[in-house]
Amino acid sequence: MLWVDDVVAGYHEGIDVLRGVTVRIEARRVTAVIGPNGAGKSTLLRVVFGLLVPRRGRVVFDGRDVQDLPPDTRKRLGIGYVPQGMSTFPHMTVEETLRVGGWTIRHDRLRLRDRIARVYDLFPSLAQLRRVRAGVLSGGQLRMLSIAKELVVMPSLLLVDEPTAGLAPRIADDVYRLLQRARELGIAVILVDQNITEAVALADHVWVVSMGRVQRAGPRESVAADLRSLVQEALIGTGG
Amino acid sequence: MDATLLTQYALAGLVIGAIYCLMAVGITFIYSVMRMINWAMGEFYMIGGYAQYLLITDWLGPERWYVALPLAIAGVGVLGMVVQRVLLRPMFAGGIERLDEYATIVTISLTVLFRNLAVVIFGPYQFSPRDYAPPVQLGPLPVNGSRFVAFLGAVALLGLFAWVVRRTWFGLAIRSVAQNRVGALSAGINLSRIDMLAFGIGVALAGAAGALLAPVFLVYPQSGALSTVKGFEIIVIGGLGSLTGSIVGGLLLGLVESLGSVLISPAFRDVYGFGLLVLILALRPTGLWGERAREA
């Protein structure tokens, strides 16, 4: 469903963060992207969502070239993005935040209402907070809300950047369970995460990224065997 | 002091304060959404005044001022959107590192450009459209008809603005962009379109103030200079980024100016506002509503 072909991208002239990345993912799979800091994991997600236009290469989503489309168009095509940090709105209630999440389907009132109701089914804890402003929620609740907000439109591909950074382990587990649930709902997930063990445990596929390239890619089983050395590589960045 | 006279001045202060609110809300709104200060706000006020003058003296006739008002306001809004699209959008397209400096230079240049264009096109003269309405009796108080219309217009526009921001989908999108641009982007909101519309609406509020006040104050190339200063006074009094602060600050400034004029001396009218400003900064450096409540 997603094919990233020989993508070169970076933020500053002459400095390439991604140096020829080619990957492919299938529908309904969780892919964990692991690698050291600065490897280009988040940048890869930004290229797929359209926040960064690649200097070279193609991004094909559901058979369509999307590398030149702006983020709002990609969102309509079914790509969701949960950025690093907070993507919620401090002065908005939980309900309002979910309505913003349903922006692209706002003209279909019944569908929107139905989707928000389903999101509350998925996140019963948010249902109790619907009139509460996001500014007073805890870090874990905000992270849940960030993900819930993207699930309102039921994307077919969800890009998730560091969803558990700074969370207590027990709350991080809730986030992983939720991503698992997203897969069961038929959503493909690309997960960038520092918690390598947990991310790999959840994933169907694993990509090891370092120095702007995908050094290894394969099903979890093939990678899990030498996870130990991968972790080492990821931490000290000697991959490849 | 005669209580009737005092009430009359207080009322006059509130009338002018409502107009100040339009300016201040416009500045705050643009700041909240785009995180930039539009220094050319007064020039959009000035253009609103000229547009209204031309419409009612040359094209529609003075008796159809109420048709001219929405046209003048919309015209300023469209001009604002063009300015945003052509001159300000590049600042979000990447490649420019210091956004606020870029915005400052562009909008200050615009003040120079618009003022001089006004001199070139209309000459350095002062124009005064005819009054919108005959004097109105508010209880025991006679009120200048144009001021009364301007007050009602300002209140109606502020009400409409509040309704749009709080109750509509567009308002929800605007608030989301103001509170978290990345969060709005990930929801599929087209940021550049929202920025353009927000800038258009913000300057249209200034244009509205200019058009509404055209018969009260004169229309001339520098007419916007003082209103920009007043707008910023209010922002600092009310607290940067707070719409409530802008409205309270605007009314307060109008009141202080008017009561200062009658109780002390009308010669220092513009000084009273600064006195209030200094006082509030000394007591509450963030302004009345500063940072505590950024709503939009």
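Not measured: the values here are computed from a predicted model. Residue numbering restarts at 1 for every chain, and letters A, B, ... go by the order of the sequence lines.
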Self-check item: A:Arg76 portion near chain B, given a 4.5 angstrom heavy-atom threshold
Solution: side chain
Quiz item: Distance-only, no hydrogens or angles: does the B:Thr228 side chain make a donor-acceptor pair with backbone N or O of B:Gly224 under 3.5 Å?
Solution: yes
Quiz prompt | Check: A:Val59 main-chain N/O paired with A:Gln67 side-chain donor or acceptor under 3.5 Å | solution = yes
Quiz item: Do you know which two heavy atoms are closest between A:Pro163 and A:Leu167, and how far apart they sit?
Solution: O-CD1, 3.6 Å
Self-check item: Portion of A:Leu51 that has a non-hydrogen atom of chain B nearer than 4.5 angstrom
Solution: side chain
Self-check item: Atom group of A:Arg74 that falls short of 4.5 Å from chain B, counting heavy atoms
Solution: neither
Quiz item: Where is the tightest heavy-atom contact between B:Ser176 and B:Ala184, given as atom of each residue plus distance?
Solution: OG-CB, 3.6 Å
Quiz item: Under the 6.0 Å and 45° cation-pi test, does A:Arg118 pair with A:Tyr120?
Solution: no
Quiz item: Is it the backbone or the side chain of A:Glu150 that comes under 4.5 Å from a heavy atom of chain B, or both, or neither?
Solution: side chain
Quiz item: In terms of side-chain heavy atoms, does A:Tyr81 have a donor or acceptor partner in A:Ser87 at a distance below 3.5 Å?
Solution: no
Exercise. Check for a donor-acceptor pair, side chain of B:Arg35 on one end and backbone N or O of B:Ser32 on the other, with a separation under 3.5 Å.
Key: yes
Exercise. Please lay out, stage by stage, how B:Phe232 and B:Leu277 fare under the test side-chain contact (heavy atoms from CB on, under 4.5 Å).
Key: CA-CA 10 Å; B:Phe232 286 117; B:Leu277 180 71; over 6 Å; no
Practice problem: Please say whether more than 12 non-hydrogen atoms of neighbouring residues, nucleotides or ligands are located less than 6.0 Å from CD in A:Gln180. | Solution: yes
Practice problem: Among the options B:Val182, B:Leu185, B:Leu191, pick out the one with the most heavy-atom pairs lying under 4.5 Å from chain A. | Solution: B:Leu185
Self-check item: Part of A:Pro70 within contact of chain B (heavy atom distance under 4.5 Å)
Solution: neither
Practice problem: Sort by residue number and list every member of residues 122-139 of chain A having a non-hydrogen atom under 4.5 Å from chain B. | Solution: none
